[in-house]
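One structure below.
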Amino acid sequence: MAIPFPRALLSTVVAILVAATGSCAESAEADSPPRPELYLPGVVSLPDRHEFGVAVSADETEVYFGVDTGEKVEIWWTRRRGDRWSESEPLLQDPNIGFNDPTLDLPEKRLYFISTAAAPGAAPGTPPNADIWYLERRAEGWSEPIHTGPVINTDKDEYYISFTDGGDLYFSSNVRATRKGNYDLYFSPNARTAPEPPVRLGPGVNSGAYEADPFIAPDGTYLIFAAGRRSGLGRGDLHISFRGAGGAFEKSINLGAPVNTEHHELCPFVSRDGRYFYFTSNQDIYRISTEELWRHR
């Protein structure tokens, strides 16, 4: 059974992460939080490759992630048998189409992702844009890509997907952008079975700057996302917002160091049991133990 990442624990983790900014200036002998570690070096994170956006199965035997080749983005994967990981290999790649942002839905019967492939019924010559697609897990393996349809997707970009246990889909889009690079966060209720029109999240999350890459808690109690704000530590930082008593998300908090740095932090993901927090930084994927952070406190 999945163990939710409780607000009390997460609040402690956030406090530790933010406080770490000041602790860096203390002596080397001072107690300090553990640092994020490169995730599966030599298998997922390679020194000469740009990886981002990881999805880890609940039993931690499958890992899906994005790879930027410099020309196209692809989805790769690796499998663990016993204590050995297979060499990572492409799952979705095409010389003319990009595939990105893999996400396992919570039953793990579907692998969601984004792609610049033409939507079904698109007129010839339609400019490419990113839409949300998925693969179905079948006895013989993964199906061919399936488009999630026009209720969620528009003629603008939709990307980075995260689900609650109840099937609500959270994602980012520039459908209402008034300037280049302006993305907001949205959610669509019942998106697995009967998606409803997306709703733009409120001012606790969206600010008019760049907000993207949402990770929603399985029970919907908190949201972690990437944002590019002038008050940040680098090009882009990870923030967290808790759902308030009235149902709206409260004003977001910058996660601070050691997660956020002068680099670009994005693509947050929390393991199904709440033990690990994954994210992308400086073109690699990192992991930090939430339990260690809590014990440190």
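The residues of the chain are indexed from 1 along the displayed sequence.
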Nearest 0.5 Å, please: how far is CG in L185 from CG in L201?
5.5 Å
Whether over 12 other heavy atoms sit under 6.0 Å from E37 CD
no
Can you tell me how the ring of W77 sits relative to the ring of Y64, calling it parallel under 30°, perpendicular over 60° and tilted otherwise?
parallel
Which atom pair, heavy atoms only, marks the closest approach of T290 to G274?
OG1-O, 2.6 Å
When you measure from the side chain of S188 to the backbone of A191, do you find a donor-acceptor pair of N or O atoms at a distance under 3.5 Å?
no
Let me confirm one number: the CG-NZ distance from N96 to K72, rounded to the nearest 0.5 Å.
6.5 Å
Find out whether F163 and D168 are in side-chain contact, i.e. whether some heavy atom of one side chain is under 4.5 Å from a heavy atom of the other.
no
Does E71 CD have over 12 foreign heavy atoms under 6.0 Å away?
no
Check the pair F52, D68 against side-chain contact (heavy atoms from CB on, under 4.5 Å), reporting the backbone distance first and the verdict last.
CA-CA 8 Å; F52 57 94; D68 188 343; 3.9 Å; yes
When you measure from the centre of the six-membered ring of Y39, is the NZ or CZ of R287 under 6.0 Å away and within 45° of the axis?
no
How about N282 and H264: does a side-chain donor come under 3.5 Å of a side-chain acceptor?
no
Just by distance, do the side chain of T164 and the backbone of G220 share a donor-acceptor pair under 3.5 Å?
no
Could you walk me through whether R272 and D165 pass salt bridge (Lys or Arg N to Asp or Glu O under 4.0 Å), step by step?
CA-CA 11 Å; R272 185 70 170 135; D165 274 335; 2.8 Å; yes
Answer whether the closest heavy-atom distance between the side chains of D237 and L255 falls below 4.5 Å.
no
H263 side, atom NE2; D284 side, atom CG - distance, nearest 0.5 Å:
10.0 Å
From D213 atom CG to D101 atom CG, the distance as rounded to the nearest 0.5 Å:
6.0 Å
Of the non-hydrogen atoms in K156 and V175, which two are nearest, and what is the gap between them?
CG-CA, 3.7 Å
Taking the six-membered ring for Trp, are F277 and F269 ring centroids under 6.0 Å apart?
no
Between Y159 and Y183, does a ring-ring contact (aromatic ring centres under 6.0 Å, His included) hold up when you go through it step by step?
CA-CA 10 Å; Y159 69 95; Y183 284 75; 5.0 Å; yes
Is any side-chain heavy atom of F242 closer than 4.5 Å to a side-chain heavy atom of E250?
yes
side-chain contact (heavy atoms from CB on, under 4.5 Å) between L223 and I240, worked out:
CA-CA 6 Å; L223 180 72; I240 186 167; over 6 Å; no
Just do the side-chain contact (heavy atoms from CB on, under 4.5 Å) check on R229 and S207 with the steps written out, would you?
CA-CA 9 Å; R229 298 173 179 172; S207 69; 3.6 Å; yes
Closest non-hydrogen atom pair, Y286 against S281
CE1-O, 3.5 Å
Here the pair of heavy atoms bringing F225 nearest to E211 is CE1-CG, 3.7 Å
How many angstroms lie between atom CG of N129 and atom CG of N174, to the nearest 0.5 angstrom?
8.5 Å
Check the pair Y160 / F215 against ring-ring contact (aromatic ring centres under 6.0 Å, His included), numbers first and verdict last.
CA-CA 9 Å; Y160 208 88; F215 173 84; 8.8 Å; no
Is S88 close to R49 at the side-chain level, that is, under 4.5 Å between some pair of heavy atoms?
yes
Kindly work out whether a path of hydrophobic side-chain contacts (I/L/V/M/F/W/Y, heavy atoms less than 4.5 Å apart) joins I285 to W85.
yes
What are the two closest heavy atoms between A117 and I97, and how far apart are they?
N-CG2, 3.5 Å
Rounded to the nearest 0.5 Å, what separation is found between the CG atom of L92 and the CG atom of L111?
7.0 Å
Taking the inter-plane angle between the rings of F171 and Y186 on a 0 to 90° scale, is it parallel (under 30°), tilted (30 to 60°) or perpendicular (over 60°)?
parallel
Apply the test side-chain contact (heavy atoms from CB on, under 4.5 Å) to residues S57 and L104: give CA-CA distance (whole Å), side-chain angles for both, the deciding distance (0.1 Å), then the verdict.
CA-CA 7 Å; S57 64; L104 286 164; 4.0 Å; yes
Whether the side chain of N190 engages the backbone of T193 through a donor-acceptor N/O pair (distance < 3.5 Å, no angle test) should be reported.
no
Find out whether R192 and Y112 are in side-chain contact, i.e. whether some heavy atom of one side chain is under 4.5 Å from a heavy atom of the other.
yes
Heavy-atom side-chain proximity of I288 to Y276 below 4.5 angstrom
no
Which atom names give the shortest non-hydrogen contact between F113 and P145, and what distance separates them?
CZ-CB, 3.8 Å
Please name the residue in the list R79, R81, R80, R137 that meets the salt bridge (charged side-chain N to carboxylate O under 4.0 Å, His left out) test with E62.
R137
Can T148 and R110 be counted as having a side-chain donor-acceptor contact under 3.5 angstrom?
no
